[in-house]
**Q** 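My questions all concern the structure below.
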Amino acid sequence: MLPGSFQALSPQHLRTFPMHAYRTHTCAQLGAADAGQTVKLSGWVHRKRDHGGVLFIDLRDHHGITQIVAGPSSPAFPVLDRIRLESVVTVVGEVVLREAGAVNPKLPTGAIEVRAKDIVVQSAAEELPMPVAGEADYPEDIRLKYRFLDLRRERLHANIMLRSHVIASLRRRMIEQGFTEFQTPILTASSPEGARDYLVPSRVHPGKFYALPQAPQMFKQLMMVAGFDRYFQIAPCFRDEDARADRSPGEFYQLDFEMSFVTQDDVFAAIEPVLAGVFEEFAGFGGREPWAVTKGPFPRIPYAEAILKYGSDKPDLRNPLIIHDVGEHFRGSGFGLFARVVEAGQVVRAIPAPNTAGLSRKFFDDMNEWARAQGFPGLGYVTRKGGEFGGPIAKNHGEAATAALFDAMGLGPDDGCFFAAGKPADAAKLAGLARTRIGEQLGLIEQGQFKFCWIVDFPMFEYNEDEKKIDFSHNPFSMPQGELEALETKDPLDILAYQYDIVCNGVELSSGAIRNHKPEIMYKAFAIAGYTKDQVDANFSGMINAFKFGAPPHGGSAPGVDRMVMLIADEPNLREVVVFPMTQKAEDLMMGAPAPATPRQLRELHIRVVD
RNA sequence: GCGGGUGUAGCUCAGUCGGUUAGAGCGUCGGCCUGUCACGCCGAAGGUCGCGGGUUCGAGCCCCGUCACUCGCGCCA
């Protein structure tokens with residue numbers, strides 16, 4: 001499966017014990033040089049080819065496949081003849097060179113085969129709910145219920161090995177950078193910010209609950225206060241949120257790290273080579289032409305610029321399209337809709353659609369249809385063929401004015417353009433989604449690339465329209481740029497934080513920050529978000545207390561391990577890189593979790609189920 | 001919580017405008033086959049068309065509800 005990926009059973013070791021109970025070699029090990037040896041192999045019956053007089057078995061283990069042959073005189077023949085695929089057998093036989101015409105160049109062991117003399121059935125398989133051999137797709141629920149079968153299949157098996165290798169590489173690289181790995185508690189306290197918590201009832205303390213950590217955020221900061229200087233952990237994180245393709249329900253892993261006495265630049269300089277190094281190390285995964293990885297330093301894009309130019313705080317830089325703010329072009333325009341939008345203080349954003357002269361009107365109308373289906377008012381457009389404009393916007397806006405707009409955007413005579421208008425946040429969001437969709441439909445997304453960037457200068461606060469109050473926009477423990485003075489003198493919505501995300505190919509890998517280690521700044525920041533000093537003391541007592549006894553300036557981040565592996569494996573969702581994933585509704589179909597508790601368990605926990 | 005997609009044999013799928021006994025490939029079982037490597041050939045078994053209700057002379061197909069998986073929205077400091 002992964003030739004050479006598992007070295008624990010070296011040939012030297014095995015040959016010291018030729019009569020080992022189960023094997024002298026793995027199923028990937030034998031070649032022409034071994035001809036004449038008597039060997040013992042163990043594995044799964046991958047495929048059978050029964051020719052009546054002669055029987056071929058592809059025997060598979062973790063390492064590879066070896067062809068076993070049994071003639072009618074072999075004692076193994078009747079056993080292999082009967083046995084079902086995926087049964088586990090041990091075969092003893094002689095390694096023989098295949099005849100020239102019978103060599104299989106597709107198989108690393110294809111120069112030889114093992115002539116079976118004896119066989120032991122270690123474990124007979126029942127009829128399978130899904131085949132293991134072959135590349136066909138199978139329903140997700142069957143794959144999850146029989147995950148142990150799914151995991152035998154080549155691609156998933158390779159993904160899981162990749163995951164292990166990525167984690168080993170991350171550990172090695174972090175340790176080389178002077179980081180130290182520590183474990184932090186799994187049973188901890190709930191915190192009021194963030195996602196919903198998973199709660200664990202306490203038997204000893206009736207009515208009280210532990211929470212599983214959403215991240216070891218406060219613990220790692222306390223490690224810095226404790227003077228450990230550079231912490232990291234492949235940390236399990238638990239959040240009770242609904243799943244997405246790139247968001248596992250329930251639990252996931254982060255490369256969690258934190259550093260003392262650092263600026264934002266120091267954090268970037270520490271982690272960039274780790275990430276770039278890992279992505280480069282596995283860029284050729286699966287035998288593909290290695291993908292190119294962004295050379296450091298990664299581009300840094302301020303949050304506001306990302307929202308404007310890419311319509312997203314996790315831009316896919318493989319997409320060459322850049323959004324333009326074109327509201328000024330429509331001030332007083334003959335296209336009344338956009339003129340009124342601008343007059344009302346709202347915005348118009350334009351998304352290029354290069355080389356679309358040859359596309360039918362349907363392409364543009366479908367895009368508008370799609371925008372409406374997404375819940376937006378619509379996506380306007382201007383077409384252009386051989387320099388001639390088309391569509392209602394161009395007609396009303398006027399040829400000269402439209403030409404000026406196109407020139408300002410650098411668009412040519414055969415390029416089209418889409419428009420998203422409305423409140424800045426809404427228009428940016430639609431423009432961002434449209435940018436992605438247009439890029440995909442026009443085939444503009446560069447392939448074979450890992451394009452990294454930092455998103456920096458996130459706003460510290462945002463306005464909560466529903467509750468008519470100011471909220472933290474990201475992490476409440478981030479240091480505001482300008483520190484206490486900024487909090488006291490600036491409009492809170494104008495304050496930026498030393499807060500940053502790493503993005504790769506449109507996937508948010510991590511968010512991090514230089515932390516706020518000063519109690520007086522923390523009280524002030526929480527006050528702006530509506531928390532009293534007492535509330536801060538109550539909810540964050542562990543950390544705020546610690547900061548009163550000598551805390552180093554510190555910062556860090558926490559790239560998602562699952563997402564990294566997903567990107568490297570080029571898989572569309574996280575289940576393809578998680579060994580035992582749950583369904584979208586956070587159920588484990590194989591183990592049957594979650595499950596009801598017994599009355600006795602509930603009694604001990606002082607819990608009564610009310611529904 | 002909401003919206004989209006999918007659901008027909010163990011698996012992958014086809015199934016016309018609503019019309020006779022729901023088909024194919026793979027797998028399974030039986031038979032044949034001494035050089036295959038996705039072996040081949042012959043035969044057989046295998047179906048609550050996800051489930052429930054409705055419309056209709058008649059439903060795999062239309063309608064309503066519901067369940068499962070999934071993609072997205074909400075949610076995700």
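Chain naming here is simple, since letters A, B, ... match the order of the sequence lines and numbering starts at 1 in each.
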**Q** Please report whether the ring centroid of A:Y231 lies less than 6.0 Å from that of A:F257.
**A**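 No, too far apart.
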
**Q** A:R575 side chain N/O closer than 4.0 Å to the phosphate oxygens (OP1, OP2) of B:C71?
**A**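 A:R575 to B:C71 OP1/OP2: side-chain N or O found under 4.0 Å.
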
**Q** Has A:D61 got a side-chain atom pairing as donor or acceptor with A:H63's backbone, closer than 3.5 angstrom?
**A**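 Looks like yes, one N/O pair under 3.5 Å.
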
**Q** Quickly work out the A:D197 CG to B:C76 P distance and round it to whole Å.
**A**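 Checked: the CG to P distance equals 12 Å.
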
**Q** Quickly work out the A:Y146 OH to B:C69 P distance and round it to whole Å.
**A**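 Interatomic distance, OH of A:Y146 to P of B:C69: 15 Å.
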
**Q** OP1 or OP2 of B:C71 versus the side-chain N and O atoms of A:Q584: is any pair under 4.0 Å?
**A**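 So the side chain of A:Q584 is within the cut-off, an N or O lying under 4.0 Å from OP1 or OP2 of B:C71.
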
**Q** In plain terms, say whether A:D365 and A:K362 are close enough for a salt bridge, that is, a side-chain N and a carboxylate O under 4.0 Å apart.
**A**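 No salt bridge links A:D365 with A:K362.
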
**Q** Atom pairs, N/O to N/O, protein against nucleotides 11-14 of chain B, distance under 3.5 Å?
**A**
| residue | atom | partner | partner atom | Å |
| --- | --- | --- | --- | --- |
| B:U12 | OP1 | A:P139 | N | 3.3 |

**Q** To the nearest Å, give me how far apart CD (A:E140) and C1' (B:A68) are.
**A**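 To the nearest whole Å, that distance equals 12 Å.
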
**Q** Checking A:R349 now: which residues fulfil salt bridge (charged side-chain N to carboxylate O under 4.0 Å, His left out) with it, not counting sequence neighbours?
**A**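 Salt bridge (charged side-chain N to carboxylate O under 4.0 Å, His left out) list for A:R349, sorted by chain: A:D325.
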
**Q** Before accepting this row, confirm whether a basic side-chain N of the pair A:R143/A:E576 lies closer than 4.0 Å to the acidic partner's carboxylate O.
**A**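 Salt bridge: yes.
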
**Q** Let's see if you can work this out: which of B:C76, B:G74, B:U34 has an atom nearest to the side-chain heavy atoms of A:R239?
**A**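 Between B:C76, B:G74, B:U34, the one nearest the side chain of A:R239 would be B:C76.
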
**Q** Output the rounded distance in Å from CG (A:D471) to C1' (B:C75).
**A**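 The answer, rounded to whole Å, is 14 Å.
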
**Q** Keeping A:D501 on the side-chain end and A:D313 on the backbone end, is there a donor-acceptor pair under 3.5 Å?
**A**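 Side chain of A:D501 to backbone of A:D313: no pair is present.
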
**Q** Does the structure show a Watson-Crick or G-U wobble partner for B:G7, both distances under 3.5 Å? Name it, or say none.
**A**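 B:G7 is paired, partner B:C67.
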
**Q** So which protein nitrogen or oxygen atoms get under 3.5 Å of nucleotides 4-9 of chain B's nitrogens or oxygens?
**A**
none

**Q** Nearest-Å distance, CG (A:D242) to P (B:C71)?
**A**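 Computing the A:D242:CG to B:C71:P distance gives 12 Å.
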
**Q** Classify the side-chain pair A:Y498/A:N516 by whether it contains a donor and acceptor separated by less than 3.5 Å.
**A**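 A:N516 and A:Y498 do not have a side-chain donor-acceptor pair below 3.5 Å.
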
**Q** Under a 3.5 Å limit for both distances, which nucleotide forms a Watson-Crick or G-U wobble pair with B:G40, could you say?
**A**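 Its partner is B:C32.
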
**Q** Any pair with a residue in residues 80-97 of chain A that passes side-chain hydrogen bond (donor to acceptor under 3.5 Å, both in side chains), sequence neighbours left out, goes on the list, sorted by first then second residue, please.
**A**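 Output for this query lists A:S42-A:T90, A:R60-A:E86, A:E86-A:R152, A:T90-A:Q122.
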
**Q** With both distances kept under 3.5 Å, what pairs with B:U56, Watson-Crick or G-U wobble?
**A**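 Paired with B:U56, as far as the under-3.5 Å criterion goes, is no nucleotide at all.
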
**Q** In whole angstroms, how far is the P atom of B:G35 from the CD atom of A:E99?
**A**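 Atom-to-atom, A:E99 to B:G35, this comes out as 11 Å.
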
**Q** Pick the closest RNA chain B nucleotide for A:L589 and for A:P476 by heavy atoms, then say which residue is nearer the 5' end.
**A**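 The residue mapped nearer the 5' terminus is A:L589.
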
**Q** Is there a donor N/O on one and an acceptor N/O on the other, under 3.5 Å, for the side chain of A:D50 and the base of B:C33?
**A**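 Side chain to base: pair found, below 3.5 Å.
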
**Q** Give the rounded distance in Å between these two atoms: CZ of A:R82 and C1' of B:U28.
**A**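 It works out to 17 Å between those atoms.
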
**Q** Using modelled atom types and a 3.5 Å cut-off, is there a donor and acceptor pairing between side-chain atoms of A:R435 and backbone atoms of A:D316?
**A**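 Such a contact is found between A:R435 side chain and A:D316 backbone.
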
**Q** Considering only heavy atoms and no angle criterion, is a donor-acceptor pair shorter than 3.5 Å present between the side chain of A:R244 and the base of B:G74?
**A**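 Looking at the base of B:G74, it does pair with a donor or acceptor on the side chain of A:R244 (distance under 3.5 Å).
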
**Q** Which residues pass the side-chain hydrogen bond (donor to acceptor under 3.5 Å, both in side chains) test with A:K585, sequence neighbours left out?
**A**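 side-chain hydrogen bond (donor to acceptor under 3.5 Å, both in side chains) check on A:K585 returns nothing, list empty.
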
**Q** May I ask you to check whether A:Y531 and A:Y523 place their ring centers less than 6.0 Å from one another?
**A**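 A:Y531 vs A:Y523: aromatic centres not under 6.0 Å.
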
**Q** Closer than 4.0 Å, any side-chain N/O of A:R247 to the OP1 or OP2 of B:G72?
**A**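 No, A:R247 has no side-chain N/O under 4.0 Å of OP1/OP2 on B:G72.
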
**Q** Check whether A:K48 reaches the backbone of A:L80 with its side chain - one donor and one acceptor, N or O, closer than 3.5 Å.
**A**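 Side chain of A:K48 to backbone of A:L80: a pair is present.
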
**Q** Between the protein and nucleotides 36-38 of chain B, are there any N/O to N/O pairs under 3.5 Å, and if so, what are the atom names and distances?
**A**
| residue | atom | partner | partner atom | Å |
| --- | --- | --- | --- | --- |
| B:U36 | O4' | A:H51 | NE2 | 3.2 |
| B:U36 | O2' | A:H51 | NE2 | 3.4 |
| B:U36 | O2 | A:R49 | NE | 2.6 |
| B:U36 | O2 | A:R49 | NH2 | 3.4 |
| B:U36 | O2 | A:Q67 | OE1 | 3.4 |
| B:U36 | N3 | A:Q67 | OE1 | 2.9 |
| B:U36 | N3 | A:Q67 | NE2 | 3.0 |
| B:U36 | O4 | A:Q67 | NE2 | 2.8 |
| B:U36 | O4 | A:R98 | NH1 | 3.2 |
| B:C37 | O4' | A:R49 | NE | 2.9 |
| B:C37 | O2 | A:Q67 | OE1 | 3.2 |
| B:C37 | O2 | A:N104 | ND2 | 3.1 |
| B:C37 | N3 | A:R98 | NH1 | 2.6 |
| B:C37 | N4 | A:R98 | NH1 | 3.3 |
| B:C37 | N4 | A:A102 | O | 2.3 |
| B:A38 | OP2 | A:K106 | NZ | 3.0 |

**Q** Mind calculating the distance between CD (A:E508) and C1' (B:C76) to the nearest angstrom?
**A**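 In whole Å, B:C76 C1' lies 10 Å from A:E508 CD.
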
